[in-house]
2 protein chains.
Amino acid sequence: MRMQINRNYEQSKIKPVTAQRSLLLSIMQETGMHLDAKELYRRASKKDANISLATVYRNLHLFKERGLIDERHLGQTRCYYEMKRLGGHQHLDLVCQGCRQIIEFKSPLIRKLIAEVQRKNDFSVTKVELYLEGYCNKCKEPKR
Amino acid sequence: MRMQINRNYEQSKIKPVTAQRSLLLSIMQETGMHLDAKELYRRASKKDANISLATVYRNLHLFKERGLIDERHLGQTRCYYEMKRLGGHQHLDLVCQGCRQIIEFKSPLIRKLIAEVQRKNDFSVTKVELYLEGYCNKCKEPKR
DNA sequence: ATAGGTGCAAATGGTTTGCGAAAAC
DNA sequence: GTTTTCGCAAACCATTTGCACCTAT
């Protein structure tokens, strides 16, 4: 099966350019939000009905390793992925237990906290995962 | 199978007192650190060779629901559990990618950050999961 | 030509669940 | 005696992997 190949990631560190990789990256770029593997697979399948979930997983690992995307867990058993942002991409995710929306929260305190950890514990940070669960303003009134 | 029952959790909100529940809670209390279900099961099996992993899982859910323990993910597919601490138990976990140890880090910045979220986003926080991955002072010099 | 990627189906690992036997109250 | 839990094995779900085939370079 031969496909149109979008080479707009050629300058990146991804070695062999394949149709599947182009497709996956362009979906992630357009989407600009957290996607899990299944959802990415669902969206990719609309353009390439033969793409397999294994390919999605393999390439997510590759993209992560090459620093193109970030992985977050957000308290789920599955993982979420999103394109890496430039600059201060440190943020806190607020996961609403009512509507399941994910709200991003940025604050200078996050950078300060990370700096404090590095200094006080001599710990060199490579990955930041910060999230809170609770109820957003629309979903207040928790069940109990 | 009849066992000695430790009733020291009778005042808690756990409805029927069973030998398995007493055992599991006492192990968690003695241990005072992050345990995953398998490790808790391993330790419980030494005292009660017949206890099943399903019972461990079911009771971990129960304890969590009743507010006796906290659950954390720490970037793993499995979950870790620990007894709930009194007062400002908010902390950040540092997960070392070298030796896999988990270091707890406390800072007033954490409370400030959470307060800021509640105020600025009108988000009512019910669960806090904060962790960083990286290399501890002994494991510095990441592989690449 | 060849290193490496892909699809498929099977394997894995943590967690959950249906069910009949047994314990708690 | 009734309600709930327990142990077992099977089911689940996200993810990973072995393998034969195919593609990019």
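The basis for the numbers below is simple: all heavy atoms, side chains too, and nothing from hydrogens, waters or symmetry mates. Every chain is numbered from 1, with letters handed out A, B, ... down the list of sequences.
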Find the distance [X]:[atom1] to [N]:[atom2] and express it as a whole number of Å.
{"X": "Asn59(B)", "N": "dT16(C)", "atom1": "CG", "atom2": "P", "result": "13 Å"}
{"X": "Lys38(B)", "N": "dG13(C)", "atom1": "NZ", "atom2": "P", "result": "8 Å"}
{"X": "Leu60(B)", "N": "dT15(C)", "atom1": "CG", "atom2": "P", "result": "9 Å"}
{"X": "His73(A)", "N": "dG14(C)", "atom1": "NE2", "atom2": "P", "result": "14 Å"}
{"X": "Glu71(B)", "N": "dG14(C)", "atom1": "CD", "atom2": "P", "result": "15 Å"}
{"X": "Leu53(A)", "N": "dC8(C)", "atom1": "CG", "atom2": "P", "result": "11 Å"}
{"X": "Leu74(A)", "N": "dA14(D)", "atom1": "CG", "atom2": "P", "result": "15 Å"}
{"X": "Leu62(A)", "N": "dA3(C)", "atom1": "CG", "atom2": "P", "result": "19 Å"}

Side-chain N or O of [X] versus OP1/OP2 of [N]: is the shortest distance under 4.0 Å?
{"X": "Gln76(B)", "N": "dG13(C)", "value": "no"}
{"X": "Arg58(A)", "N": "dG5(C)", "value": "no"}
{"X": "Arg21(A)", "N": "dG5(C)", "value": "yes"}
{"X": "Thr55(A)", "N": "dG5(C)", "value": "no"}
{"X": "Thr18(B)", "N": "dC6(D)", "value": "yes"}
{"X": "Tyr57(B)", "N": "dT16(C)", "value": "no"}

Describe, in one word, how the ring planes of His73(A) and Tyr131(B) are oriented to each other, choosing from parallel (under 30°), tilted (30 to 60°) and perpendicular (over 60°).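 His73(A) vs Tyr131(B) ring planes: tilted.
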Under 4.0 angstrom, heavy atoms only, what part of the nucleic acid is Asp36(B) near: base, sugar-phosphate, or nothing?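 If one applies the 4.0 Å heavy-atom cut-off, Asp36(B) turns out to touch nothing in the nucleic acid.
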Mind checking Ile51(A) for me? I need base, sugar-phosphate or nothing, with any heavy atom below 4.0 Å counting as a touch.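 The answer is sugar-phosphate, as Ile51(A) gets under 4.0 Å only of primed atoms, P, OP1 or OP2.
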Check every atom of dT4(D), dT15(D), dT16(D) against the side chain of His61(A) and return the nucleotide holding the closest atom.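 Out of dT4(D), dT15(D), dT16(D), the nucleotide with an atom closest to His61(A)'s side chain is dT16(D).
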Let's see if you can work this out: which of dG7(D), dT15(D), dT5(D) has an atom nearest to the side-chain heavy atoms of Ala37(A)?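 Per side-chain heavy atoms of Ala37(A), the pick is dT15(D).
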Shortest non-hydrogen contact from Phe105(B) to Asn121(A)?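 Heavy-atom minimum between the residues: CD1-OD1, 3.1 Å.
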Do side-chain atoms of Thr55(A) reach the backbone of Ile51(A) as a donor and acceptor pair under 3.5 angstrom?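 Judged by distance alone, no pair lies under 3.5 Å.
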Residue closer to the 5' end of DNA chain C, Arg78(B) versus Ala54(B) (nearest nucleotide):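 Its nucleotide being nearer the 5' end, the pick is Arg78(B).
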Are the charged groups of Glu116(B) and Lys112(B) less than 4.0 angstrom apart, N to O?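 Lys112(B) and Glu116(B): not salt-bridged.
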Arg78(B)/Glu39(B) ion pair, N-O < 4.0 Å: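 Result for this pair is no, no salt bridge flagged.
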